Amino acid sequence: MLLGCIADDFTGGTDLASVLMAQGIRTVQVIGVPDTWEDIARSGAEAVVVALKTRTAPVADAVEQSLTALRWLRKIGCDRFYFKYCSTFDSTPAGNIGPVADALMDALGMDFTVVCPALPANGRTVRDGRLFVDDVPLDETSMRQHPLTPMDDANVVRLMRRQTSSRVGLVDRGTVVQGSERIHAEFAALRSAGIRFAVVDATDDQDLLAIGRACADLPLVTASSGVAIGLAASLRAQPEDLADSAPEAHLPSGGARAVIAGSCSAATNAQVEAVREVYPTFPVDPFAIVRGEDVVTAALRWARPLLAHGPVLLHATQPARDVTAAKSRLPDDFASRIEDTLASIARGLVGMGVDRLVVAGGETSGAVVGALGVTGLVIGPEISPGVPWTWALGTPRPLALALKSGNFGSRDFFLDAWERLP
Ligand SMILES: Nc1ncnc2c1ncn2[C@@H]1O[C@H](COP(=O)(O)OP(=O)(O)OP(=O)(O)O)[C@@H](O)[C@H]1O
Ligand SMILES: O=C(O)[C@@H](O)C(=O)CO
């Protein structure tokens, strides 16, 4: 086993798994911490991603679940680890990135690691410690109005300092461009100066390759999926050892298609708009859910006659400014109530013969995958950077799932995704 990964949400898990697969590392994603480990040991996997739903959980829960995942990964033979969080550093002032990273490091007896949310393939870069999305500082993007993790600062050093009492430093791009040995030397200098977390600048994949190599002797890295691009080289002595086959796939055979969107991110809003002209869409109204209306039955009644004719899309997605305006009129548990509703709709759709399902949003994906009883995901072909088709494990019938991070994918993602299925 080359690498054990802990992802703080489900779309983030498939993002990392697809990057590792692209690096030739045979990767399996499990949903939560499995009860057993024999299946994984038999699967031929070289990396395992444990997908948790801890991004917005209470800090103590997130820490406990992450430590449980770490123990399980050690049990199946991992001795190198990857804590995957969002490339937009989605978190609250209390956590959970800092507390989880601190707890994992304590458990591994470490006093230094990296913090690197950069993901240039999706426009996320870090310069002088500041996180940009397509060259716009994070706090000036729609992430400022995220329903659960509004991001009001682009400075990752400062964001991290809010979440940990440990010392946080910076490895700037001027150092990174000098290559892995120079970066490694800077890590050593920061570490001996008592720095526990080094935020590392990166603006392109070359930077990530160098950073990955410089992390070769770190038992744990903390990052978006970006650093994984550079890890393959340090995980294997011989590049020709790279695997070229995925674990056995469980392909569905031509049932109905649906999209469930619970993300209110800018990209998902644009993708929902693009669908409106092309196939049927159903808006799920948060206020109807709160009023106790039977939204699930209404949605399934709407979808039933349409499924034979092509894909359908059901969405709670609304523009971020509308969400921000509505939040004060919604109860505190609004997010989980919307997630539960979308998850019940997904279960109903699968019961009606949907076997190819796209889900937009990490929290939403967590709820849907839970409701469908999925225990793991075999990673299939990539639809767009960070979003692969996956084949569900643990479901009574074969099911293809694409779990799309809220801000990933082009405008036509919900139109084109089907074409990437084998
Ligand atoms: N109209 C709405 N008003 C308020 N909240 C909503 C609305 N629609 C969806 N939500 C909630 O917003 C949250 C969106 O989080 P989710 O993780 O699913 O998407 P995301 O953050 O855009 O995606 P990712 O985590 O992959 O970046 C969910 O909890 C969802 O239930
Ligand atoms: O890193 C990202 O942006 C995504 O994988 C993600 O975590 C969104 O939830």
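Because the structure is a prediction, the values reported are computed rather than measured. Indexing begins at 1, ligand by ligand and atom by atom, following the structure's order. Note that these values count all heavy atoms, side chains included, but never hydrogens, waters or copies made by symmetry.
- Ser405 and Asp15 share no side-chain donor-acceptor pair at under 3.5 Å.
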### Query
Checking side chain to side chain donor-acceptor pair (under 3.5 Å) for the pair Thr11/Asp9: CA distance, chi angles, key distance, verdict?
CA-CA 6 Å; Thr11 50; Asp9 85 343; 3.2 Å; yes
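- At a threshold of 4.5 Å between non-hydrogen side-chain atoms, the residues Met110 and Leu220 count as touching.
- Put simply, the residue from Val126, Val115, Asp153, Thr149 that forms a side chain to side chain contact (heavy atoms under 4.5 Å, CB included) with Phe89 is Val115.
- Arg55 NH2, 2.8 Å is the protein heavy atom nearest to atom 7 (O) of ligand 2.
- Inclusion of Ser87 in the set of residues having an N or O under 3.5 Å from an N or O of ligand 2 is warranted.
- Nearest to atom 5 (O) of ligand 2 among the protein's heavy atoms is Asp15 OD2, 2.6 Å.
- The shortest N or O to N or O distance between Thr88 and ligand 2 is not below 3.5 Å.
- Side-chain contact, Ser91 with Gln163: a donor N or O sits under 3.5 Å from an acceptor N or O.
- Listed by number with element, the atoms of ligand 2 under 4.0 angstrom from any heavy atom of Asp9 are 7 (O), 9 (O).
- Numbered from 1 in the order shown, with element, the atoms of ligand 2 that lie under 4.0 Å from a heavy atom of Lys84 read 1 (O), 2 (C), 4 (C), 5 (O), 6 (C), 7 (O).
- Closer than 4.0 angstrom to ligand 1 by heavy atom are Asp9, Thr11, Arg55, His146, Pro147, Leu148, Gly262, Ser263, Cys264, Ser265, Pro286, Ala316, Gln318, Val323, Phe334, Ala335, Ile338, Glu339, Gly361, Gly362, Glu363, Thr364, Ser405, Gly406, sorted by chain and number.
- Counting protein heavy atoms only, atom 8 (C) of ligand 2 is closest to Ser405 OG, 3.2 Å.
- Near Thr11, the atoms of ligand 2 lying under 4.0 angstrom from a non-hydrogen atom of the residue are 8 (C), 9 (O).
- A cation-pi geometry, defined here as NZ or CZ lying under 6.0 Å from the six-membered ring centre and within 45° of its normal, holds between Arg257 and Trp418.
- No side-chain heavy atom of Lys84 sits under 4.5 Å from any side-chain heavy atom of Cys5.
- Counting only residues at least two apart or in different chains, salt bridge (charged side-chain N to carboxylate O under 4.0 Å, His left out) contacts with residues 265-280 comprise Glu273-Arg276.
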### Message
Apply ring pair (Phe, Tyr, Trp, His ring centres under 6.0 Å) to residues Phe83 and Tyr85 and explain how you reach the verdict.
### Response
CA-CA 7 Å; Phe83 171 37; Tyr85 41 75; 5.5 Å; yes
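- Annotation: cation-pi pair Arg127/Phe132 present, NZ/CZ under 6.0 Å from the ring centroid and within 45° of its normal.
- For the ligand labelled ligand 2, residue Cys86 lies inside the 4.0 Å heavy-atom shell.
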